[in-house]
Amino acid sequence: MPKESSVALSQLVLNILDRNVAQGFRSLVALVHEPDSAADSEDMALITAILQACLSIPSMDQCQTQILNIMASTDVLHVAVSLYSWADKLAVKGDPVYGELSLLFLLELSGLPVVAEQLACDGLLGHLTSASLAGFLRRPNVSPFSDNIGATRCYGIWAKGILPILLNMLSALGATIAPEVAVVLNQFPNLLRSSVERLEAPGMSRTPATTASRGDGPLQYVTLLAVSEAHSLALLTRVLAALRANNNRDIPEVAWDGGVVLENVEFWLSSRKVLRERLLPLGGRESEWRARKATEGSGCENKLEEKVVAQLEAVKTILSEEL
């Protein structure tokens with residue numbers, strides 16, 4: 001692409017980020033706080049999708065400072081953090097959906113190192129553990145299979161929002177942020193423990209299984225989100241362990257049993273028929289993936305299985321490698 005065209009494209013995208021994304025997100029959040037608001041959570045999800053599309057354009061890597069300035073001029077980072085803090089009060093029929101939406105918005109921005117650094121300076125990690133939602137996240141019923149819609153959403157907040165944001169911040173800031181990242185993870189011992197249990201192989205009796213019931217009794221199910229959760233935790237704990245090797249006084253050890261996870265992952269990868277039977281889609285999109293044929297030669301029957309196997313292979317690689 002000619003340089004003039006690239007500059008014009010970057011300027012166009014920056015304008016979209018300013019008017020449609022930053023100002024649009026701020027206006028929507030203001031509406032959410034209004035009584036009898038007409039604001040719709042799907043509108044916020046659409047803005048995040050626009051943000052994701054804008055940031056995926058290669059030339060935007062060179063515009064990080066301008067993007068940060070746009071977000072700062074509208075104070076949108078603080079607005080998103082505030083929305084997370086208020087999410088339990090703004091719950092829709094018991095569903096703290098705005099907690100997840102606010103973090104998904106911040107997740108996209110945290111992929112830019114300069115924004116990740118700004119979020120760290122603004123104390124985002126402290127907000128994640130001190131907000132009212134953190135108390136709900138620490139409850140034992142937080143699970144993708146919970147009968148309580150709030151508990152199910154809290155699991156999404158953890159697996160889709162908090163863990164990937166921690167990864168982005170650790171990637172951007174390394175040892176500087178590592179002690180805080182480890183502290184945040186250790187604030188949620190139930191979730192760390194249950195993330196291991198969620199991948200428990202059939203017949204293993206080390207821990208009580210996380211199950212979803214059928215008429216023929218409880219079965220251990222595997223979900224793409226649970227495997228993604230394990231992938232994020234594997235990366236986080238391995239990087240933190242490597243950094244702790246040079247700074248073991250400041251970086252606490254994270255209480256996550258990667259060895260057990262590796263055993264379970266190896267079982268699922270070697271027992272593909274069982275994995276296929278126990279693979280449970282979450283939501284319409286994953287149901288569509290299960291109905292689509294996998295890539296030829298992948299050894300999988302459908303797209304959902306293919307994605308899960310790819311993530312399991314990644315977890316195995318991470319946990320098998322020497323530090």
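Values in this document were obtained by computation on a predicted structure and should not be read as measured data.
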List, one per line, each side-chain donor-acceptor pair under 3.5 Å for residues 161-168, sequence neighbours excluded.
unit_1, atom_1, unit_2, atom_2, d
Asn168, ND2, Leu107, O, 3.4
Asn168, ND2, Ser110, OG, 2.9

Under 3.5 Å donor-acceptor pairs involving side-chain atoms of residues 19-29, not counting sequence neighbours:
unit_1, atom_1, unit_2, atom_2, d
Gln23, NE2, Asp18, OD1, 3.0
Arg26, NH1, Thr74, O, 2.5
Ser27, OG, Gln23, O, 2.9

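Legend: ring-ring contact (aromatic ring centres under 6.0 Å, His included) pairs involving residues 283-305, not counting sequence neighbours: none detected.
Remark: Ile57 pairs with Leu9, Val13, Ser59, Met60 by the side-chain contact (heavy atoms from CB on, under 4.5 Å) rule, at least two apart or across chains. Not counting sequence neighbours, Asp88 has no partner by the salt bridge (charged side-chain N to carboxylate O under 4.0 Å, His left out) test. Listed by chain and residue number, Trp158 satisfy the ring pair (Phe, Tyr, Trp, His ring centres under 6.0 Å) test with Phe188 (two or more places apart in sequence, or in another chain). In terms of the side chain to side chain donor-acceptor pair (under 3.5 Å) criterion, Asp40 has no residue partners (sequence neighbours excluded). Listed by chain and number, the residues in a ring pair (Phe, Tyr, Trp, His ring centres under 6.0 Å) with His78 amount to none (sequence neighbours excluded). Applying the side chain to side chain donor-acceptor pair (under 3.5 Å) rule to Ser85 yields no partners; only residues at least two apart in sequence or on another chain are considered. Looking at residues two or more places apart in sequence or on another chain, you find a side chain to side chain donor-acceptor pair (under 3.5 Å) between Lys303 and Thr295. Taking Arg138 as the reference, Gln187 meet the side chain to side chain donor-acceptor pair (under 3.5 Å) condition, with sequence neighbours excluded. When the ring pair (Phe, Tyr, Trp, His ring centres under 6.0 Å) test is applied to Trp268, no partner is found at least two apart in sequence or on another chain.
Counting only distance, with no hydrogens or angles, the side chain of Thr129 and the backbone of Gly126 share a donor-acceptor pair below 3.5 Å.
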